[in-house]
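These figures come from a predicted structure and were not determined experimentally. When a ligand or atom number is given, it counts from 1 through the structure's own listing order.
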Amino acid sequence: MSEDRIPGFDTLAVHAGAQPDPTTGARATPIYQTSSFVFDDADHAASLFGLEAFGNIYTRIGNPTCAVLEERVAALEGGTAALAVASGHAAQHLVFYTIMDPGDEFIAARQLYGGSINQFGQSFKKSDWNVVWADADNIESFEKAVTPRTKAIFVESIANPGGRVTDIAAISQVARRAGVPLIVDNTLASPYLCNPFEHGADIIVHSATKFLGGHGNSIGGVIVDGGTFNWSREGRYPMLSKPNESYGGLIFHETFGNFAFAIACRMVGLRDYGPALSPFNAFLILTGIETLPLRMQKHCENALAISEFLDAHDKVAWVNYAGLPGDRHHNLAEKYCPRGAGAVLTFGLKGGYEAGLQLVSNVYLFSLLANIGDTRSLILHPASTTHRQLTEQQRSAAGAGSDVVRLSVGIEDKEDLIADLEAALESLP
Ligand SMILES: *Cc1c(COP(=O)(O)O)cnc(C)c1O
């Protein structure tokens with residue numbers, strides 16, 4: 001790359017953060033499979049622990065393979081810094097740990113990954129972090145939910161499992177007025193399809209398990225700092241704006257400016273809670289990211305063809321895919337995801353719950369499992385699996401009512417995928 005050119009997305013997907021290994025010349029990023037790193041001398045060790053210098057200490061806090069992944073995702077999202085962690089849920093936990101104090105509230109769209117509904121609604125309660133639900137299709141519901149204890153707003157760019165697109169810019173205006181950061185889970189879109197920072201997000205989280213890794217072979221998560229939020233405002237974010245005793249009174253925001261959030265997540269949250277990403281998983285996710293643009297193009301092309309097929313089928317009651325011109329989120333998809341509406345879609349069977357169970361048992365190429373973002377095509381009946389623990393009302397609100405089938409469309413030949421669904425639909429009464 002010449003120095004004066006700003007590389008495009010596809011180039012960054014292959015190169016950002018990586019260079020030939022200075023010692024061995026290895027071209028692919030090596031897996032630094034080590035728990036710890038030797039210090040130059042005692043002074044070097046002291047400066048690393050005091051955050052006066054950056055460097056490798058111990059793989060729970062950072063690792064060179066993970067660092068390449070962090071730089072790459074930060075570059076693809078246009079953030080100032082990133083932090084790779086053990087899972088998408090670990091990413092969410094560390095983000096809220098850094099933002100929230102007991103008794104605080106955050107507003108989240110109801111249309112979320114089922115696991116996030118549990119994490120926010122149940123587990124976070126033990127820390128007295130209180131979620132207030134809003135409706136992603138009703139901006140006013142976010143506005144109304146703001147109280148003096150609100151510390152953040154959380155939405156998904158493309159929402160799981162409904163295949164719907166969120167008006168990020170409108171919700172970011174609510175966050176601005178409330179003086180809180182907007183956190184966007186960009187898992188379903190990936191940075192190839194949607195760039196939340198351009199639309200006013202302050203923090204992005206990813207389940208790298210899904211499209212970033214893309215091959216269904218490793219669990220991982222990433223936090224990306226947009227560098228946009230003023231953490232020192234009115235002292236509402238003490239982890240960032242007040243002296244930290246474990247670093248001799250250092251103030252994160254004052255010291256690290258527009259990447260303070262990522263540093264605090266790492267040097268406090270990751271250090272103390274410990275959900276570190278293994279360098280081996282970082283290597284697999286990095287390798288996956290190299291083909292993210294190519295995969296997302298094929299994912300979107302296949303998903304559109306399948307949603308058109310389903311939309312015309314007489315056993316199908318409705319299809320939710322924002323890529324379809326008639327879809328209620330199509331305009332939002334054109335604004336936020338101009339290259340395609342992603343690979344996850346839902347549809348309803350006229351035969352309801354029973355038909356859903358039967359359909360997922362009668363496909364061959366589609367795998368019945370609880371994941372998305374694999375090269376392979378995946379199918380799920382959320383009401384009997386991922387959303388089973390929710391009430392019927394919560395399920396419907398999350399787009400996972402009893403007749404709903406979710407697809408994560410892979411990168412196989414679309415003709416084969418359609419033939420598989422066609423045969424399974426024929427077998428329904
Ligand atoms: C899978 C998923 C998560 C959780 O990520 P894990 O890597 O499974 O912990 C969070 N948000 C969305 C949208 C997801 O699809």
Compute whether any side-chain donor of one residue and acceptor of the other, for Glu77 and Asn195, lie under 3.5 angstrom apart.
-> no

Residue Ile372 vicinity, atoms of ligand 1 by number, heavy atom under 4.0 Å = 15 (O)

for atom 1 (C) of ligand 1, nearest protein heavy atom and its distance come out as Lys210 NZ, 1.4 Å

Atom indices of ligand 1 within 4.0 angstrom of Gln92 heavy atoms, with elements | 10 (C), 11 (N)

Quick one: which of His329, Glu198, His199 gives a side chain to side chain contact (heavy atoms under 4.5 Å, CB included) with Tyr336?
-> His199

Looking at Phe96, Phe124, Phe120, which hits ring-ring contact (aromatic ring centres under 6.0 Å, His included) with Trp129?
-> Phe124

Are side-chain N/O atoms of Arg271 and Ser246 paired as donor and acceptor at under 3.5 Å?
-> yes

Report yes or no: do Gln111 and Glu156 form a side-chain donor-acceptor pair below 3.5 Å?
-> no

The atoms of ligand 1 lying under 4.0 Å from a heavy atom of Ser87, numbered in the order shown, are 7 (O), 9 (O)

In terms of its nearest heavy atom to atom 12 (C) of ligand 1, the top option of Asn371, Leu112, Asn186, Asp185 is Asp185

Ligand 1 and Leu188, any nitrogen or oxygen pair closer than 3.5 angstrom?
-> no

In the protein, which heavy atom is nearest to atom 6 (P) of ligand 1, and how far is it?
-> Gly88 N, 3.3 Å

For Gly220, atoms of ligand 1 separated by under 4.0 Å from a heavy atom = 7 (O)

Per-atom contacts of ligand 1 with Glu156, taking only distances under 4.0 Å to non-hydrogen atoms | 13 (C)

Would you check if there is a donor-acceptor pair between the side chains of Asn258 and Thr80 at a distance under 3.5 Å?
-> no

Can you tell me which residue and heavy atom of the protein come closest to atom 9 (O) of ligand 1, and the distance to 0.1 Å?
-> His89 N, 2.9 Å

Rounded to the nearest 0.5 Å, how far does CZ of Phe211 lie from CD1 of Ile158?
-> 8.0 Å

